[in-house]
4 protein chains.
Amino acid sequence: MGIRERKERERERRRQQIMVAAKRVFTEKGFGKATMEDIAKEAELSPGTLYLYFKNKDELYASLSLRILQYLTIRLEHVNAEPLEDAHDRLTALKEAMFDVYEFDPLILINMFHMQSSETLKNLSPQLLKEIQTLSRNSLQVMAGIFEEGIQRKMFVDKHPTAVADILWSLFSGIVLWETSKKIINDEKNFLKETFDTAFDIFSHGILRH
Amino acid sequence: MGIRERKERERERRRQQIMVAAKRVFTEKGFGKATMEDIAKEAELSPGTLYLYFKNKDELYASLSLRILQYLTIRLEHVNAEPLEDAHDRLTALKEAMFDVYEFDPLILINMFHMQSSETLKNLSPQLLKEIQTLSRNSLQVMAGIFEEGIQRKMFVDKHPTAVADILWSLFSGIVLWETSKKIINDEKNFLKETFDTAFDIFSHGILRH
Amino acid sequence: MGIRERKERERERRRQQIMVAAKRVFTEKGFGKATMEDIAKEAELSPGTLYLYFKNKDELYASLSLRILQYLTIRLEHVNAEPLEDAHDRLTALKEAMFDVYEFDPLILINMFHMQSSETLKNLSPQLLKEIQTLSRNSLQVMAGIFEEGIQRKMFVDKHPTAVADILWSLFSGIVLWETSKKIINDEKNFLKETFDTAFDIFSHGILRH
Amino acid sequence: MGIRERKERERERRRQQIMVAAKRVFTEKGFGKATMEDIAKEAELSPGTLYLYFKNKDELYASLSLRILQYLTIRLEHVNAEPLEDAHDRLTALKEAMFDVYEFDPLILINMFHMQSSETLKNLSPQLLKEIQTLSRNSLQVMAGIFEEGIQRKMFVDKHPTAVADILWSLFSGIVLWETSKKIINDEKNFLKETFDTAFDIFSHGILRH
DNA sequence: GATGAATGAGAGTTCATTCAT
DNA sequence: TATGAATGAACTCTCATTCAT
């Protein structure tokens with residue numbers, strides 16, 4: 001391994017270290033209240049160091065989104081790679097992939113939403129934004145592919161596959177968001193796989209032909 | 001009408017005026033970047049005045065959530081009040097109610113999510129928090145009631161009604177969130193009733209017995 | 001006096017108060033080392049208040065230049081207004097005007113130089129920049145006018161009046177700069193009117209026909 | 001040449017390399033905005049290396065002044081070395097020397113002014129400060145010598161030679177400063193030898209007896 | 001000697017909040 | 001009740017400087 005390569009790897013490790021810390025702080029304090037100093041402290045680094053790896057606060061947060069999208073993409077590709085006979089099995093695999101993503105970082109969607117403000121967008125490097133866009137389009141296309149296959153096999157009801165993918169993604173996001181909200185506002189018990197299972201049940205039942 | 005009562009009404013009018021302005025500013029600038037001065041300007045009031053009606057910024061934003069929950073509650077009660085024979089019709093009425101809520105304030109869920117941070121919660125008066133909790137429980141119970149009815153009539157599949165209500169609400173929230181995100185990040189076309197219709201189609205299809 | 005007018009006057013007073021403080025701090029600490037907090041403390045205001053009156057640090061400093069140019073303009077107009085028979089007298093009046101400007105704010109030229117950096121220029125409002133440009137052009141034109149008159153009367157040697165004005169201004173600036181430098185570096189005695197007198201003597205001698 | 005001496009020469013070469021880079025960066029970015037990293041990059045060295053050759057940033061900049069003073073000193077000695085009959089020719093030679101200095105580094109005076117702040121002075125090693133003081137005194141004395149000679153020969157008007165030297169130096173500095181300012185603020189054409197010629201014309205005319 | 005990643009103090013600036021009017 | 005100028009704590013971000021390699 002060349003010295004250059006090792007350095008690059010070292011650099012990536014640091015980036016991950018910072019992102020892990022950022023995720024933790026963000027989860028605890030919420031978006032607006034988390035400061036760069038909090039994150040630096042959590043990562044056991046100095047504030048200045050954060051800026052060696054991320055252009056600014058917004059870009060650090062956006063990178064969290066990118067990270068989760070990368071994870072999702074990999075998981076989805078696995079789903080697609082397996083030669084499954086049954087479209088129903090595909091749905092189950094899809095559900096599991098999404099649940100994994102949730103466990104990887106429950107706050108993914110909140111993160112992603114933060115990027116909506118056009119003020120925030122201005123602070124992102126075009127390159128990062130592009131990557132996020134590409135990955136999120138990609139993921140949805142993979143999902144849409146699964147639905148298309150099911151429709152062609154006459155196993156799924158005839159809906160526009162892209163729309164169905166959007167809806168599944170929305171359902172997933174919505175559950176995460178809502179369960180998180182409930183947890184804090186109503187101080188109820190945590191997000192349950194159960195809710196997700198039920199939701200998927202209904203969804204599957206809803207798109208399968210009978 | 002007593003003088004006290006008139007004053008109270010006047011006070012309420014002002015509160016609404018401020019909330020309308022806040023909603024507008026928030027929609028335009030995004031959550032983190034909207035300042036109290038922006039809101040004051042939009043409401044044609046001075047910053048100081050805002051604090052005569054809202055304890056602080058967090059409470060002002062939380063009040064927006066309360067407002068939308070109140071609207072939702074009223075709409076749901078109307079749905080329930082109508083003596084509908086068919087559970088399927090109920091679902092349709094429910095869909096329409098939720099779409100109205102969306103049109104009343106598309107950013108409701110983002111608003112509501114903002115309250116998740118425990119830091120924010122500390123800034124809210126217990127009374128306001130209580131009201132929000134009560135109203136949101138209420139709404140979900142009304143929804144759950146509709147599903148329970150459907151289940152008892154053997155029209156809906158047998159799922160826990162509360163869970164189903166949660167899921168519908170999540171689906172709704174998720175769509176709003178996701179469509180808004182897409183609009184900004186991918187610069188795609190705006191949220192469409194169509195998406196919502198399709199989602200509801202699938203959902204209905206998913207919970208109806210066949 | 002209307003309430004609006006009184007407020008405007010009050011506002012101007014505050015601006016002056018801040019500029020006086022800024023001048024003092026700048027003189028003592030030098031440009032780069034003077035902080036906004038220093039200035040705020042000197043003005044017995046809070047840092048935030050400074051930003052109610054000046055957009056940013058660069059603009060505050062640029063305003064100091066504007067102020068001195070305004071003073072110079074007034075003084076030059078007085079010189080021109082007096083019906084002097086003799087071009088030589090005009091020169092003397094000019095000298096005195098410039099010396100007054102020096103006494104009003106010895107650091108004028110350093111201030112003005114600070115604006116050279118294009119980075120700094122970017123931070124200035126176009127309006128302020130325009131005002132500074134206009135005033136400095138104006139002043140030089142008035143000076144040039146004096147020289148032109150002298151040349152037409154065959155009292156001065158035949159040089160381009162604008163160039164001569166530039167040179168006089170340069171001489172003046174240079175002396176201020178150099179004497180200030182000497183004072184600090186060599187710890188010598190302060191700037192002397194004497195130096196200025198001698199310089200002006202030579203200059204006058206140099207442009208007068210013999 | 002001993003090994004010690006060779007090392008010393010090597011060290012001096014590096015210092016020059018850094019100073020050349022510093023001059024370039026400073027010219028481009030302006031004083032306040034140029035960073036040590038910029039300079040390191042321009043010199044194709046690492047930031048840390050700069051500190052092996054210069055105690056700190058202020059001292060690096062002060063060294064630039066020292067460098068130009070050294071150049072000026074050499075040039076002036078040449079002027080004095082030539083056995084010129086005519087004091088007027090001496091003046092011309094002087095003018096050329098100063099113009100060379102300007103071409104060597106137009107920003108010299110700005111550099112030199114930077115040292116005025118007492119805060120900056122604190123950061124300089126006494127030795128460096130001493131060298132600068134000595135050299136600048138020296139240069140002025142050489143100039144003064146030229147004037148003294150002219151006065152003794154009854155070619156120049158009878159002014160204090162040191163004061164005349166100061167004034168010439170001020171005139172020179174002022175022109176550089178002012179032409180640079182004009183270029184940036186008014187976006188006018190660049191510093192012209194012409195201005196300098198005219199200025200020197202007037203100056204010469206002013207000190208020559210008629 | 002040279003590096004350059006890391007530091008951390010401190011800068012400019014913002015903005016929720018207060019309070020004299 | 002309404003104001004809005006003033007506050008000042010807290011923020012993000014910069015950069016001269018250090019030090020382990």
Side-chain angles (χ1 to χ4, degrees), chain A residues 3 7 10-11 14 18 32-41 43-60 123, chain B residues 7 10-11 14 18 32-41 43-61 123, chain C residues 3 7 10-11 14 18 32-41 43-60 123, chain D residues 7 10-11 14 18 32-41 43-61 123:
Chain A
I3 192 165
K7 285 218 166 167
E10 189 59 41
R11 187 177 167 79
R14 265 278 197 275
I18 293 168
K33 317 269 181 173
T35 71
M36 289 303 265
E37 202 178 336
D38 291 335
I39 296 166
K41 229 167 242 164
E44 296 186 313
L45 290 169
S46 80
T49 306
L50 267 47
Y51 288 87
L52 296 177
Y53 295 91
F54 298 93
K55 211 182 73 188
N56 54 43
K57 196 187 176 188
D58 281 330
E59 188 138 343
L60 169 53
N123 290 331
Chain B
K7 282 217 166 171
E10 189 59 41
R11 186 174 169 79
R14 265 279 201 273
I18 293 168
K33 318 274 179 174
T35 71
M36 289 299 266
E37 202 179 334
D38 290 334
I39 297 166
K41 225 167 247 163
E44 297 185 317
L45 290 168
S46 82
T49 307
L50 266 47
Y51 287 85
L52 297 175
Y53 295 93
F54 298 93
K55 209 182 75 187
N56 54 43
K57 197 188 177 189
D58 281 330
E59 188 140 342
L60 167 53
Y61 280 133
N123 289 331
Chain C
I3 192 165
K7 286 219 165 168
E10 189 59 41
R11 188 176 167 78
R14 264 279 197 273
I18 293 168
K33 318 269 179 172
T35 71
M36 289 301 266
E37 203 177 337
D38 290 335
I39 296 167
K41 229 166 242 163
E44 296 185 314
L45 291 168
S46 79
T49 306
L50 266 47
Y51 288 87
L52 296 177
Y53 295 92
F54 298 92
K55 209 182 75 187
N56 54 42
K57 196 186 177 190
D58 281 330
E59 188 137 344
L60 168 53
N123 290 331
Chain D
K7 283 218 167 172
E10 190 58 42
R11 186 175 169 79
R14 265 279 202 274
I18 293 168
K33 319 276 178 172
T35 71
M36 288 302 265
E37 202 179 333
D38 291 334
I39 296 165
K41 222 167 251 163
E44 296 184 318
L45 291 168
S46 81
T49 307
L50 265 49
Y51 287 86
L52 297 175
Y53 295 93
F54 298 93
K55 212 182 73 187
N56 54 43
K57 197 186 177 191
D58 281 331
E59 188 139 342
L60 167 53
Y61 280 133
N123 290 330

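Residue numbers begin at 1 in each chain, while the letters A, B, ... track the order of the sequences. Quantities reported herein were computed from a predicted structural model and do not represent experimental measurements.
Residue A:Asp38 contributes atom CG, which lies 12 Å from atom P of F:dA10 at whole-angstrom precision. What separates CD of B:Glu44 from C1' of F:dA2 is a distance of 15 Å, to the nearest Å. Whole-Å rounding puts the C:Lys41 NZ to F:dA9 C1' distance at 14 Å. At whole-Å resolution of the value, CD in A:Glu37 and P in E:dG10 are 14 Å apart. A straight line from NZ of C:Lys33 to P of E:dA9 spans 18 Å, rounded to a whole angstrom. Taking atom CD1 of D:Ile39 as the reference point, atom P of F:dA16 lies 8 Å away to the nearest angstrom. Atom OH of C:Tyr51 is separated from atom C1' of F:dC11 by 13 Å (rounded to the nearest Å). Computed from coordinates, the A:Lys57 NZ to F:dT14 C1' distance equals 17 Å when rounded to whole Å.
In this structure, D:Thr49 OG1 and D:Glu44 CD are separated by 12.5 Å, a value rounded to the nearest 0.5 Å. If you take CG on C:Asn56 and CG on C:Asn123, they are separated by 5.0 Å, rounding to the nearest 0.5 Å. Distance CD1/C:Ile18 to CG/C:Leu50: 4.5 Å, rounded to 0.5 Å.
Among the protein residues, A:Leu50 comes within range of no part of the nucleic acid, since none of its heavy atoms lies under 4.0 Å from any strand. Among the heavy atoms of the strands lying under 4.0 Å from C:Ala34 are primed sugar atoms or P, OP1, OP2 only; no base atom is included. Backbone-only engagement by D:Arg14 is indicated by non-hydrogen atom pairs under 4.0 Å involving sugar-phosphate atoms exclusively. At a threshold of 4.0 angstrom between heavy atoms, the contacts of C:Tyr53 are confined to the sugar-phosphate backbone, with no base atom among them.
Sequence order on DNA chain F of the closest nucleotides to A:Met36 and B:Gly48 puts B:Gly48 first from the 5' end. Positionally, the nearest nucleotide of DNA chain E for D:Leu52 lies more toward the 5' end than for the other of D:Leu52 and B:Pro47. Between C:Asn56 and D:Lys7, the residue anchored closer to the 5' end of DNA chain E is D:Lys7, taking for each the nucleotide with the nearest heavy atom.
Heavy atoms from other residues, nucleotides or ligands lying under 6.0 Å from CD of C:Glu37 number 12 at most.
When every heavy atom of B:Ala40 is checked against every heavy atom of B:Ser46, the shortest pair comes out as CB-C, 3.8 Å.
The D:Thr49 side chain lies nearest to E:dT3 when the options are E:dT3, F:dA6, E:dA16.
In summary, D:Arg14 and D:Glu10 do not engage in a salt bridge, as defined by a charged side-chain N under 4.0 Å from a carboxylate O.
Taking a pair as Watson-Crick or G-U wobble with both distances under 3.5 Å, the runs of three or more consecutive pairs in DNA chain E are E:2-21 with F:2-21.
The phosphate of E:dT3 (OP1 or OP2) has a side-chain N or O of D:Ser46 nearer than 4.0 angstrom.
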Audit row: D:Tyr61, D:Ile39, side-chain contact (heavy atoms from CB on, under 4.5 Å) steps and yes/no: CA-CA 11 Å; D:Tyr61 280 133; D:Ile39 296 165; 3.6 Å; yes

